[in-house]
K.L.:
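The following block contains the structure, expressed as structure tokens.
Reminder, nothing fancy here: chain letters follow the sequence lines and each chain counts from 1.
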Amino acid sequence: MLGEICRGLWLTIKHSFKNRVTVQYPDVKEEMPVGYRGLHKLLRWEDGLERCVGCKLCSAACPVDCIYVESEENDPEAPTSKGERYASIYEINELRCIFCGYCEEACPVGAVVLGNEYEFCQDDRGKFLYEKGDLLVERTEDHPELHARYDEKNLLTYV
Amino acid sequence: MANLLIILGKVLVGFGGLLLLAAYMTWMERRVFALIQVRVGPNRVGPSGLLQPIADGIKLMFKETIIPAQADKVIYLLAPAVTLIPALAAFAVVPFGDSVTVLGQKVDLVLADINVGILYIFAMAGIGVYGIVLGSWASNSKYPLLGGLRSAAQLISYELSLGMSLLGVVMISGTLSLKGIVEGQAGMPYIVLQPLGFLLFVICMLAETNRAPFDLPEAESELTGGFHTEYSSMHFAVYSIAEYCSMITLSAVGATFFLGGWRGPLLPPVVWFLIKVLAFMFFFMWLRASTPRLRYDQLMGFGWKVLLPLSILNVMLTAGAVVFLG
Ligand code: SF4
Ligand code: SF4
């Protein structure tokens, strides 16, 4: 028994010379992998038009019903999206969201994606209701990490 | 007057130091654990997390004291003190350094050099368990009760062997006073003469202070928190301080009996004493991080069937050696 205890002690003392695995979080931040499911983003095409066509498939796929979409006809002179319609209201309740990624898989045009951002604490429940303006990116080019999610056929690379 | 001041000073330094050390043991324990588990440990409050024990203390002070409705309130509130006071008092007879000269007087760095020092320590350690049993009984709840019963049974089983393991040293040195024992080790520490005694002492000391692998009284996986399950706030803190104090005291006893107390080359005696005590404490923590907990019947069987015969054997061998070899 003593021999076994000594072996155990030797093992633990060897571990204490290893490199630490702790990430000193607020000081050091880790790069999230492709396919990380964080805060949602609504993407645009290269020409700046919104991808979302207001089809509500994401809303239907969502297991906890936390997406709310209302759609309207595009103005033919100045279209908002490439389809017939676009989402006039697009809200996600991030408190209810379970970050399953089904919305992302359901979307036919690759409009809604779960981004890499995970630091979105708030001090009030109301602030977790993200509206379209909060979710829509200015230019998709600014978010290379989101690009990596789609191949040239516009299919999710990691599903 | 000067005498009184010196005594007061010694008491303040001795007990203050002990309490401070006990508080910092929590920090050391967490750091050592982290070290072994390839983590970092508390490092945010102050440099290297050195202010963490103070922050923890403040936090505990501001917590609410919860008293279970069915508890025996007076005993429930007093029990932690019953554990802490003997744990502190036991330290009084441990010499933590050579004599120094203060205000033109020779002062021995021991709070009270009584000639039955080691018996006194055992008596105090024995009283300490009352605090645990009373606290667990007064909580009027099943987990603490089981923890308290285990603690009492464990203490009885291991105190015998603990005393026996030190008997060898007492026979060689011919004194019960801790100061005398340190003086007896001027040539070489008794660990050389009493290796078996030392081994037995370390094992019993773990059981006596309820440390892993003998931490049955607070086995969290089966008894949630053991005897202090119902305690919160400062009452809980007092229990854990008492536990660390008795660990330090027994480490000091071990250092005094087997490693030559404050003796050592070059560095001042107090520093040597601290180094030895800390080495013991480190071993405590290292062992806790490495070993699983014993089953209860194994613990009892080990105490009565292995440790006790071995310690009796050790006593007899030592007695024979003292008689025949001088
Ligand atoms: S990630 Fe899942 S839960 Fe969250 S919005 Fe998308 S479908 Fe709903
Ligand atoms: S995000 Fe996609 S699935 Fe949801 S409404 Fe817009 S186009 Fe349809």
Side-chain angles (χ1 to χ4, degrees), chain A residues 1-41 94-95 97-101 114-128 130 134 143-145 148 158, chain B residues 28-49 52 165 195-207 211-215 279-295 297-299 301-303 305-307 309-310:
Chain A
M1 194 178 83
L2 270 182
E4 283 154 19
I5 290 179
C6 289
R7 255 175 48 215
L9 289 175
W10 174 239
L11 185 78
T12 46
I13 208 72
K14 267 196 308 197
H15 271 73
S16 57
F17 293 107
K18 289 190 173 168
N19 280 337
R20 308 288 96 182
V21 295
T22 313
V23 178
Q24 298 284 335
Y25 163 57
D27 306 338
V28 183
K29 283 176 189 162
E30 290 227 305
E31 195 60 28
M32 288 301 123
V34 173
Y36 181 81
R37 302 204 289 256
L39 187 63
H40 299 78
K41 289 272 182 273
E94 298 287 354
L95 266 191
C97 174
I98 56 171
F99 299 96
C100 60
L114 291 162
N116 284 10
E117 197 181 330
Y118 54 89
E119 294 168 304
F120 51 104
C121 301
Q122 299 291 356
D123 52 7
D124 185 47
R125 288 177 162 258
K127 294 182 187 164
F128 282 97
Y130 281 70
D134 310 323
H143 298 269
E145 81 281 1
Y158 56 91
Chain B
M28 178 170 160
E29 175 144 43
R30 292 165 71 179
R31 290 295 287 212
V32 168
F33 261 51
L35 197 69
I36 285 171
Q37 294 167 351
V38 204
R39 295 183 286 115
V40 178
N43 66 344
R44 295 278 152 178
V45 197
S48 308
Q52 186 72 42
S165 68
L196 182 60
F198 181 69
L199 188 67
L200 292 172
F201 173 78
V202 171
I203 296 174
C204 295
M205 157 166 117
L206 291 169
R211 291 290 294 189
F214 303 110
D215 54 349
F280 262 103
M281 298 298 290
F282 177 78
F283 183 71
F284 268 130
M285 294 161 189
W286 181 15
L287 202 64
R288 180 169 169 202
S290 313
T291 53
R293 187 177 295 127
L294 260 70
R295 216 171 54 214
D297 58 322
Q298 290 172 333
L299 173 94
F302 185 62
K305 293 182 198 154
V306 179
L307 284 186
L310 271 181

K.L.:
Is chain A contacted by the side chain of B:Phe302, its backbone, both, or neither, given a heavy-atom distance below 4.5 Å?
P.N.:
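Only the side chain of B:Phe302 comes within 4.5 Å of chain A.
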K.L.:
Out of B:Val40, B:Leu287, B:Leu35, B:Leu199, return the one with the most heavy atom pairs under 4.5 angstrom to chain A.
P.N.:
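Top option by heavy-atom pairs under 4.5 Å: B:Leu35.
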K.L.:
Sort A:Ile13 into side chain, backbone, both or neither according to what part of it lies under 4.5 angstrom from a heavy atom of chain B.
P.N.:
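Looking at A:Ile13, backbone and side chain both touch chain B.
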K.L.:
Looking at chain B, which one of A:Ile5, A:Leu9, A:Val21 has the largest number of heavy-atom pairs inside 4.5 Å, strictly under?
P.N.:
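That would be A:Leu9.
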K.L.:
Just checking A:Gln122: does its CD atom have more than 12 heavy atoms from other residues, nucleotides or ligands closer to it than 6.0 angstrom?
P.N.:
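Check passes, neighbour count above 12.
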K.L.:
Between chain A and chain B, going by a 3.5 Å limit, which atoms form donor-acceptor pairs, if any?
P.N.:
residue : atom : partner  : partner atom : Å
A:Leu9  : O    : B:Trp286 : NE1          : 3.1
A:Thr12 : OG1  : B:Trp286 : NE1          : 3.1
A:Thr12 : OG1  : B:Ser290 : OG           : 2.8
A:Arg20 : NH1  : B:Ala34  : O            : 3.3
A:Arg20 : NH1  : B:Leu35  : O            : 3.0
A:Arg20 : NH1  : B:Arg39  : O            : 2.7
A:Arg20 : NH2  : B:Leu35  : O            : 3.3
A:Val21 : N    : B:Val38  : O            : 3.1
A:Thr22 : OG1  : B:Val40  : N            : 3.3
A:Gln24 : OE1  : B:Asn43  : ND2          : 3.4
A:Gln24 : OE1  : B:Arg44  : NH2          : 2.4
A:Asp27 : OD2  : B:Arg44  : NH1          : 3.3

